[in-house]
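All remarks here apply to the structure that follows.
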Amino acid sequence: VNMEMVLQNSTDFILLGLITHPTFPGFIFAVVFSIFLVAVTANMVMILLIHTDSHLHTPMYFLLSQLSIMDTVYICITVPKMLQDLLSKEKTISFLGCALQIFLYLTLIGGEFFLLGLMAYDRYVAVCNPLQYPLLMNRRICLFMVVGSWVGGSLDGFMLTPFTMSFPYCGSREINHFFCEIPAVLRLSCIDTSLYQTLMYACCVLMLLIPISIISVSYTRILLTVHRMNSAEGRRKAFATCSSHIMVVIIFYGAAFYTNVLPQSYHTPEKDKIVSAFYTILTPMLNPLIYSLRNKDVATALRRIQERCTYSQKVRAGDVSKK
């Protein structure tokens, strides 16, 4: 009762969590923390590998390192707060904290949409125009692509965050979610938000159409080029270089399609939470694993790092024994 009184007189929200009243919060904490640890470690290893191994200093891996940076920031926006709430009785988040979560979440998800589209274009140039690849994917163009992805994503954040937080929230302060996702926050508004939600969905669909168009055109051209190849080895290489990206695109865009394109009648708070958990917790873990397990260059770079570490340990051991 005291908590309700305090909340009525404050601007704080309560996050009810992934499961509203978990029977085994310790078990959920252990599972989510393990996924978080694997995701952050895998993405950090991928970033360090690409940065330190000269064989991976190519446009494709430069874009992949940016995907890993986005995934690391992305999972850090929601999961630490979720883990804290699983152990705490007070599951509050401030009005400003909620706004910041919305802005960063929109920026990262928007940035990833654009980046995955541009990664498809990179594969198209590599397979269909290999001779022009160094010119069409030079360092300046790669930097422009990355900056464009971050700016494109932040536009979504700058547009939707102020509008979402400007609605009056005078009823319940309990958000039926594990983070401040816009549809869950809007359910608490005292006024009708249906027009804003329609405009928001239209905006998200338009944002999805740009990268989806780039991906569709790029892979159509790639498939036509691969079909015309006489060499079986050439076909195998082309499919190997594109398969990891296709898997990541299907996982990420599948969840995004449900969240941003399907009408509200298909949504329930429980379904929304499961889909959100999939692409905010699982996807950042799956992306680096898909790329590392299905990519010979990354596996070879990992082996080189391990050999270097083993060699330096042997040299140190030899120096110690001489002394």
Side-chain angles (χ1 to χ4, degrees), residues 7-8 11-20 70 74 77-78 81-82 91-114 116-117 149 151-213 251-281 283:
L7 280 165
Q8 281 173 2
T11 56
D12 289 358
F13 294 102
I14 294 180
L15 292 166
L16 295 181
L18 183 61
I19 298 162
T20 311
M70 284 182 177
Y74 190 38
I77 293 163
T78 55
K81 175 64 183 158
M82 180 191 181
K91 304 173 194 297
T92 58
I93 184 166
S94 68
F95 185 87
L96 192 64
C98 194
L100 190 64
Q101 248 192 5
I102 290 171
F103 173 75
L104 291 172
Y105 155 76
L106 289 171
T107 299
L108 269 296
I109 202 170
E112 205 154 317
F113 284 150
F114 289 122
L116 288 171
S149 297
V151 171
S154 65
L155 285 176
D156 206 23
F158 279 119
M159 278 193 300
L160 298 179
T161 308
F163 279 113
T164 303
M165 301 315 284
S166 66
F167 284 105
Y169 297 102
C170 46
S172 170
R173 312 294 294 184
E174 294 183 342
I175 299 170
N176 190 7
H177 216 297
F178 61 90
F179 75 102
C180 290
E181 194 173 39
I182 290 178
V185 175
L186 289 178
R187 287 189 193 107
L188 306 183
S189 179
C190 323
I191 60 168
D192 181 28
T193 60
S194 53
L195 176 63
Y196 170 65
Q197 288 198 54
T198 307
L199 290 169
M200 185 180 71
Y201 282 114
C203 172
C204 290
V205 169
L206 283 170
M207 262 192 78
L208 276 168
L209 279 176
I210 299 166
I212 282 173
S213 302
I251 291 166
F252 194 72
Y253 278 82
F257 182 84
Y258 169 86
T259 307
N260 300 304
V261 180
L262 280 185
Q264 272 303 114
S265 53
Y266 289 88
H267 291 251
T268 64
E270 277 64 41
K271 275 187 199 171
D272 286 357
K273 283 196 277 187
I274 291 163
V275 173
S276 295
F278 182 79
Y279 70 79
T280 57
I281 302 168
T283 305

Plane angle bin for Phe95 and Phe13 - parallel if under 30°, tilted between 30 and 60°, otherwise perpendicular: parallel
Approximate separation, where rounding is to 0.5 Å, of Phe179 CZ and Ile281 CD1: 9.0 Å
Phe113 and Cys204, any side-chain heavy atoms less than 4.5 Å apart: no
Parallel, tilted or perpendicular: rings of Tyr105 and Tyr279 (30°, 60°): parallel
Gap between atom CD of Gln101 and atom CD1 of Ile175 - 0.5 Å precision: 8.5 Å
Interatomic distance, Leu15 atom CG to Glu181 atom CD [nearest 0.5 angstrom]: 11.5 Å
Side chain to side chain, Asn176 and Lys273, heavy atoms closer than 4.5 Å: yes
Leu186, Leu188, Asp192 screened by side-chain contact (heavy atoms from CB on, under 4.5 Å) with Phe167, the one that passes: Leu186
Atom of Leu18, atom of Ala277 and distance for their closest heavy-atom approach: CD1-CB, 3.9 Å
Intermediate values then yes/no, side chain to side chain contact (heavy atoms under 4.5 Å, CB included), Tyr169 and Val185: CA-CA 9 Å; Tyr169 297 102; Val185 175; 3.5 Å; yes
Approximate separation, where rounding is to 0.5 Å, of Met207 CE and Leu106 CG: 8.5 Å
4.5 Å side-chain heavy-atom contact, Leu116 and Pro211: no
Thr280 side-chain N/O to Tyr74 backbone N/O, donor-acceptor pair under 3.5 Å: no
Interatomic spacing from OG1 in Thr107 to CG in Asp156 - rounded to 0.5 Å: 7.5 Å
From Ile77 atom CD1 to Ile109 atom CD1, the distance as rounded to the nearest 0.5 Å: 10.0 Å
Where Pro162 and Gly157 come nearest, the two heavy atoms and their spacing: CD-O, 3.9 Å
Minimal non-hydrogen separation, Ser94 against Asp12, with atom names: CA-OD1, 3.4 Å
Side-chain touch Ser276/Thr78, heavy atoms, less than 4.5 angstrom: no
Neighbour count above 12 (heavy atom, 6.0 Å) for Leu199 CG: yes
Audit row: Leu160, Tyr196, side chain to side chain contact (heavy atoms under 4.5 Å, CB included) steps and yes/no: CA-CA 10 Å; Leu160 298 179; Tyr196 170 65; 3.8 Å; yes
